[in-house]
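Worksheet: the structure to be examined is printed underneath.
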Amino acid sequence: MDIFLQQLINGLTIGSLYALVALGYTMVYGVMKLINFAHGDLVAFSAYVGLTIFTQFYGSNALNLVNIVIVFSLTAIVVAFVGVLLERLAYRPLRTAPRLSAVVSALGASLVIQNGIMLIWGPNMEIFPADVFPATSWNFGGVIISFTQLVILVLSAVLMIALYIFINKTKMGTAIRATAIDQDAAKLMGINVNRIIVIIFVVGSMLGAIGGLFIGIYYRGLTFDMGWLYGLNAFIAAIIGGIGSIPGAMLGGLLLGLFNAMIAGYISTEWAETFTFILLIVILILRPTGLLGEKTAEKV
Amino acid sequence: MNLKKLTGALALSAVVASSLVAADTVKIGVQAPITGKYANEGQSIENFVKLIADEKNAAGGLLGKQIEVITCDDEAKAQKAAVCAKKLVNAGVIAVIGSYTSGATEAAQTTYYRNKVLQTSDGTSDSLIKRKYWTFFRNSFPNSSQSDFTAEYMVNDKKYKNIVVLSDYSSYSAGLGDATEASVKALGGNVVFRGKIKSGTQNFTAMLTKVKAMKPDVIYYSGYYTDGGLLRAQQQQLQINADFVGGDSNDNPDFYKLAGKAAEGTVLINFPTPEILPYEVAKKYLAAYKETFKMNPPSIWPVTNADGLRAVIEGIEKTNSFDTKKISDYIRNDMKDFPGITGPFNIRADGERVGAKFVVYKMKNDGTKNVVSE
C-alpha cells in the first residue's frame with residue numbers, strides 16, 4: 001500500500017508540472033486555434049532564466065521566502081515578455097494566413113528559442129543548486145514527501161484554482177471565453193481581440209515559467225533541448241484533457257503523470273512511454289475531443 | 001576592433017600562413033562530442049590531442065612533418081558519428097582519436113576500417129572489438145574487466161545480499177550493466193532487479209519506488225553522470241536505505257552538483273583519477289594540460305585517449321612510416337609496456353588493452369573523494 005501511495009505522490013508531482021505547462025498549450029489553442037509548439041522551449045528557457053537570476057542575486061546560500069518570491073516573479077515577468085514577443089513576431093503576422101503557415105512558424109520559433117538557449121548558456125548541462133528549497137522531507141508510514149514536492153503540489157493547485165476563477169468569474173475571463181468561441185462576434189461586442197491574445201500569452205507564459213522553474217529546482221539538471229521532453233508530455237496532456245479546455249489541461253496533466261508513474265511502477269519502466277501513446281490513441285478513438293473537450297460541429 | 005583582438009587576428013593569420021608554407025603535414029583526426037551532454041569530455045579530448053600535437057610540432061614534428069589536428073563534433077550521436085567518419089576520411093587523416101562514447105565509436109568503425117584509417121577510443125563496450133578490425137584499438141579497458149572487479153567488490157568485499165543493477169539504453173551502459181549482472185551471478189551474488197532508464201528523462205522516482213520494495217542493499221548504476229547524480233539524489237529523497245555504487249562514467253564533477261548532499265558516501269569504480277596517477281609521464285602531461293587550459297581534465301577518459309595518440313605516434317616513429325597497417329602491427333605485436341600516462345600500455349592482437357587496473361573511490365559531498373581500496 002505504501003508503495004502505491006508513493007507512486008501516487010510521484011505521479012501527482014510530475015503531473016502538476018505537466019498540467020502547468022499544458023495550460024499554456026490549451027489557452028493559446030482555445031483562443032487562436034494554434035498549437036504553440038514553441039511553448040515547451042519557453043518552459044526550458046524559463047528554467048535557465050530562473051537559474052541565472054537565482055545565482056546572480058543569491059549565489060548559493062541566503063534563502064528565504066522573499067528571495068524565492070522575487071526569483072519566481074522576475075522569471076515570470078521575463079518569460080511573459082518573451083512570450084508576448086513571440087506572439088508579436090511569429091504568430092500575429094500570420095493570423096489570417098492558412099493554419100499550416102502558423103504551425104510551421106511555431107516549429108521555427110521552437111528551434112529559434114532552443115538554439116538561443118544554446119548560444120546564451122552553452123551546450124553543456126547547467127545545474128541548479130541543491131538547496132533552493134530546504135532538503136526537509138516527511139515520512140508518513142513509509143510514504144515520503146519532500147518539501148519541494150509539497151511546494152510544487154500546493155502552489156500548482158493554487159495557481160490552477162486562481163486561473164479557474166480568473167477565467168470563469170471575472171469580466172476579463174468572460175471576454176477571453178467569448179473570444180475563444182467566436183473572434184469576429186467578440187470584436188463586434190467591443191472586445192479588443194489583440195489585447196485578449198496578449199493576455200493569453202502573458203498568462204500562459206507565466207504558468208509555463210513557474211512550471212519550468214519547478215522542473216529546474218526539482219530535477220536540477222538543465223539541458224538546452226529539455227523543452228522537447230516536457231513540451232511533448234504537456235501537449236499530450238492537453239490533448240487527453242481536451243485541447244482548448246482549461247480544466248481539461250489540468251486533469252490531463254495530472255492523469256498523465258499518474259498514469260506514467262503507475263505504468264513505470266507496476267508494469268515496466270521501459271514501456272512507460274509506449275503506454276502513454278497507447279493511452280492517447282485510445283482516448284482519441286473513444287473521445288476524439290478529449291476527456292473534457294466540448295463537441296462542436298466543425299464548420300465546413 | 002581593439003588592440004588585443006587585432007594582435008590576436010595577426011597572430012592567427014601568421015599561424016595560418018606558416019601552416020600554408022609547411023604544406024607537408026600529417027593529419028590526425030579527433031572525433032568527439034564537442035557539444036551536447038558530454039561536451040566537457042569531448043572538448044578535453046580535443047585539448048589533449050592538440051597539446052600533444054603542439055609539443056611534437058615544436059620538437060620538429062613527426063618524421064619531419066607537422067601534425068595537423070582536424071576535429072569533428074559527433075555530439076555523442078551515432079548518425080553524426082557516421083558523418084564525421086566520412087568527413088575525416090575525406091580530409092585525409094591517418095588516425096582518429098575518439099570518440100568518447102561506445103555508440104559513436106562503433107558507428108564510425110567500419111568507415112575507418114574500409115579506408116585504412118587507424119582509430120582508437122576510450123569506449124569500453126565489449127562489442128567494439130567483436131568485428132576484429134585491424135584499424136581499431138582500445139585505449140581504455142573493456143567493460144568485462146570492470147564488471148569482474150565490480151562484482152568482486154560487491155559480492156566478496158561488501159557481501160551485499162540484494163543487488164540492484166541499473167543502466168541506460170546506450171551500448172556502453174547496457175553492456176556494462178549486463179556484464180556486471182553476469183559477473184555478480186558468476187560469483188554467486190543475488191541480483192534482485194535489473195532495470196534500464198531512459199537517459200535524460202530526469203524522473204526516476206517510479207523505478208526507484210519499485211526498487212525500494214525489494215529492500216536492496218546496494219544500487220549499482222552503470223550509466224553516465226548526468227543521470228547517475230539524479231538517481232542518487234532521488235534515491236535519498238525517497239529514503240531508500242541502500243549503498244550506491246557507480247560505474248566509471250559517473251566519475252565527473254557534475255555528479256556532485258546533481259546529487260547535492262546525497263553525493264556523500266557514493267562509491268565509484270573507475271581507473272585511478274588523473275591527479276593520483278603515480279607515473280612520471282603522467283605528472284608531466286597533466287601539469288602541461290593544467291598550464292595550457294587552466295583546468296584539469298574532467299575525467300580519466302581524455303587521458304586514455306591521449307595515450308592512444310601517443311601509442312600511434314610511437315608506432316609511426318618506430319616503424320619510420322605512415323603506413324597504417326605497419327603502425328597497427330607494431331602497436332599490437334611489438335610494443336611492450338609503452339609508458340602511458342595511464343600506466344603501462346599494451347595492446348593485444350585483437351585490439352584490446354590489457355592489464356586493467358581499477359580503484360574504488362568514496363565520494364564526499366564537497367566534491368572530493370578518497371580511495372578506499374585498489
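All values below come from the heavy atoms of this structure, side chains included, with hydrogens, waters and symmetry mates left out.
- For A:Asp225, no part lies near chain B; criterion is any non-hydrogen pair under 4.5 Å.
- When the shell of 6.0 Å around CH2 of A:Trp138 is examined, it contains more than 12 heavy atoms from other residues, nucleotides or ligands.
- In this structure, OG on B:Ser171 lies 11.5 Å from CG on B:Asp178, to the nearest 0.5 angstrom.
- For A:Phe214 and A:Tyr218, the ring centers sit 6.0 Å or farther from each other.
- B:Ala259 touches chain A through its backbone: at least one of N, CA, C or O sits under 4.5 Å from a heavy atom, while the side chain does not.
- When each of B:Asp254, B:Ile197, B:Thr209 is scored by its heavy-atom pairs under 4.5 Å with chain A, the top score falls to B:Thr209.
- The NZ atom of B:Lys210 sits 6.0 Å away from atom CE of B:Met214, with the distance rounded to the nearest 0.5 Å.
- Between B:Ser249 and the choices B:Tyr221, B:Tyr172, B:Tyr38, B:Tyr225, the side-chain hydrogen bond (donor to acceptor under 3.5 Å, both in side chains) rule is met once, by B:Tyr172.
- Of the atoms belonging to B:Leu230, it is side-chain heavy atoms, and not backbone ones, that fall under 4.5 Å from chain A.
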>> Is there a side-chain contact (heavy atoms from CB on, under 4.5 Å) between A:Leu258 and A:Leu12? Walk through the geometry before answering.
In response: CA-CA 6 Å; A:Leu258 276 179; A:Leu12 284 177; 4.1 Å; yes
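- Per-residue counts of heavy-atom pairs under 4.5 Å with chain B were compared for A:Ser137, A:Ser268, A:Ala272, A:Gly265; the largest is that of A:Gly265.
- Of the listed residues B:Gln43, B:Lys212, B:Lys196, B:Lys261, the one with more heavy-atom pairs under 4.5 angstrom with chain A than any other is B:Lys196.
- No donor-acceptor pair closer than 3.5 Å links the side chain of B:Asn162 to the backbone N or O of B:Asn190.
- The greatest number of non-hydrogen atom pairs below 4.5 Å with chain A, out of B:Ile34, B:Leu208, B:Thr226, is found for B:Thr226.
- Interface residue B:Tyr169: only side-chain heavy atoms are found under 4.5 Å from chain A.
- Residue contact with chain A, scored on non-hydrogen atoms closer than 4.5 Å, is absent for B:Glu75.
- The candidate from A:Tyr230, A:Phe128, A:Phe224 with the greatest count of non-hydrogen atom pairs under 4.5 Å with chain B is A:Tyr230.
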